[in-house]
Amino acid sequence: MAISDFKEMVENARKLKGYSQRELAKMIGMSQSTYNDTINGKIKKPDIDILKKIAEELDLSLDLMLKESGYGESFSIYGIDKYKNKSTKDLKNLIDEYKKSELDLLEFDHQKRNTTRKARQKMFMTIEHMKIMKDNEDSLYTIDKAIDDVQSAFDQLEMVEEKYDYNKLPKDN
């Protein structure tokens with residue numbers, strides 16, 4: 001473990017957040033002496049849950065903390081290099097972006113299905129009216145009205161053929 005690199009990373013992040021060592025130790029549920037032993041390398045393999053708490057409080061990459069504290073690289077094991085040096089906060093934000101885009105895509109799909117249903121209903125009614133018109137010359141339904149109804153259904157279906165705007169999806173950084 002590169003103790004000085006690990007200590008420097010954690011201490012710089014702690015100072016940027018404006019926390020004292022005592023405050024940070026209390027926030028993550030440990031004593032200040034255990035915190036000092038952890039960042040000074042006296043604890044050879046710090047508890048992963050403690051590293052996770054430190055990473056979350058200081059917005060550091062858990063993967064980088066694991067690597068610097070002697071655990072190796074966790075994300076690279078799974079071949080997920082694009083998440084490798086992201087902080088827990090960054091990962092949570094990315095998850096939130098994906099959830100938002102998922103809801104957006106579901107809403108887009110819902111609107112398409114709803115529009116298709118309404119257009120099909122209009123087409124069904126137009127067909128029924130045209131059947132009545134064919135059998136009854138005195139029908140109040142006219143060919144002009146039928147053309148208007150078909151045009152209206154056709155216009156409604158225009159939205160259905162649009163593709164989802166994939167630019168709304170989160171960008172891989």
Side-chain angles (χ1 to χ4, degrees), residues 9-10 13-14 16-19 23-24 26-29 47-69 71-173:
M9 176 180 59
V10 173
R14 178 187 61 77
L16 278 172
K17 288 284 192 170
Y19 301 144
E23 287 173 318
L24 180 59
K26 186 176 180 179
M27 291 166 77
I28 59 176
D47 184 83
I48 292 175
D49 288 333
I50 295 295
L51 293 176
K52 181 177 179 275
K53 288 177 183 178
I54 293 171
E56 286 176 352
E57 287 298 331
L58 300 179
D59 295 329
L60 293 171
S61 162
L62 178 59
D63 190 58
L64 189 57
M65 287 193 66
L66 289 169
K67 179 183 174 190
E68 293 297 329
S69 62
Y71 284 96
E73 297 183 34
S74 59
F75 282 123
S76 61
I77 292 170
Y78 304 108
I80 312 175
D81 289 338
K82 67 182 179 180
Y83 304 121
K84 188 174 179 180
N85 291 317
K86 299 247 187 245
S87 70
T88 306
K89 182 179 178 182
D90 291 338
L91 292 172
K92 285 179 182 177
N93 287 340
L94 191 59
I95 289 168
D96 288 344
E97 285 181 44
Y98 276 110
K99 285 179 182 177
K100 184 178 179 284
S101 67
E102 180 182 35
L103 291 174
D104 187 50
L105 185 56
L106 289 171
E107 177 61 27
F108 181 77
D109 183 60
H110 171 73
Q111 287 176 2
K112 285 178 104 167
R113 285 183 286 116
N114 198 31
T115 299
T116 302
R117 180 184 50 78
K118 287 177 183 178
R120 286 179 49 92
Q121 285 174 340
K122 187 173 289 260
M123 294 295 290
F124 174 78
M125 293 304 295
T126 302
I127 291 168
E128 292 301 310
H129 282 111
M130 290 175 75
K131 286 178 184 175
I132 293 169
M133 189 173 72
K134 178 183 170 190
D135 294 339
N136 183 354
E137 293 178 9
D138 296 332
S139 172
L140 296 175
Y141 196 76
T142 65
I143 193 72
D144 289 336
K145 178 67 175 140
I147 290 170
D148 288 345
D149 287 347
V150 170
Q151 182 66 53
S152 175
F154 179 79
D155 292 344
Q156 281 181 315
L157 290 172
E158 184 176 348
M159 178 270 191
V160 175
E161 69 182 339
E162 290 178 20
K163 289 185 178 182
Y164 180 74
D165 181 4
Y166 291 100
N167 290 324
K168 293 180 181 180
L169 296 176
K171 307 289 184 253
D172 289 335
N173 296 330

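From T115, atom OG1 reaches atom CG of L157 across 8.0 Å, with rounding to the nearest 0.5 Å. Residue L64 holds its CG atom at 11.0 Å from CG of L51, rounded to the nearest 0.5 Å. In this structure, the separation between CE on M65 and NZ on K53 is 13.0 Å, given to the nearest 0.5 Å. The line from CG of N136 to NZ of K134 is 13.5 Å long, rounded to the nearest 0.5 Å. Atom CD of residue Q156 and atom CZ of residue R120 lie 13.0 Å apart, to the nearest 0.5 angstrom. A distance of 11.5 Å separates CD1 of I48 from CD1 of I50, quoted to the nearest 0.5 Å.
Residues in residues 100-124 take part in these ring pair (Phe, Tyr, Trp, His ring centres under 6.0 Å) pairs, two or more places apart or across chains: F108-Y164. Sorted by first and then second residue, the ring pair (Phe, Tyr, Trp, His ring centres under 6.0 Å) pairs with a member in residues 126-148 read H129-Y141; sequence neighbours excluded.
Not counting sequence neighbours, the partners of Q151 by the side-chain contact (heavy atoms from CB on, under 4.5 Å) test are F154, D155. Scored by the side chain to side chain donor-acceptor pair (under 3.5 Å) test, K26 finds no partners at all (sequence neighbours excluded). Remark: Q111 pairs with E107, M159 by the side-chain contact (heavy atoms from CB on, under 4.5 Å) rule, at least two apart or across chains. In terms of the side-chain contact (heavy atoms from CB on, under 4.5 Å) criterion, residue partners of Y19 (sequence neighbours excluded) are, by chain and number, R14, K17, E23, L24, M27, E57, L58.
Using a 4.0 Å cut-off between charged side-chain N and carboxylate O, D109 and R113 make a salt bridge. Looking at K131 and E128, a side-chain N of the basic residue comes within less than 4.0 Å of a carboxylate O on the acidic one, giving a salt bridge. A salt bridge links K145 with D149; the closest basic N to acidic carboxylate O contact falls under 4.0 Å.
Using a distance-only test at 3.5 Å, with no hydrogens or angles considered, no donor-acceptor pair links the side chain of S152 to the main chain of D148.
Residues A13 and L60 share a closest heavy-atom pair of CB-CD2, 3.7 Å.
L140 CG: 12 or fewer foreign heavy atoms inside a 6.0 Å radius. Annotation for K52: atom NZ does not count as buried by contact number, only 12 or fewer foreign heavy atoms lying within 6.0 Å.
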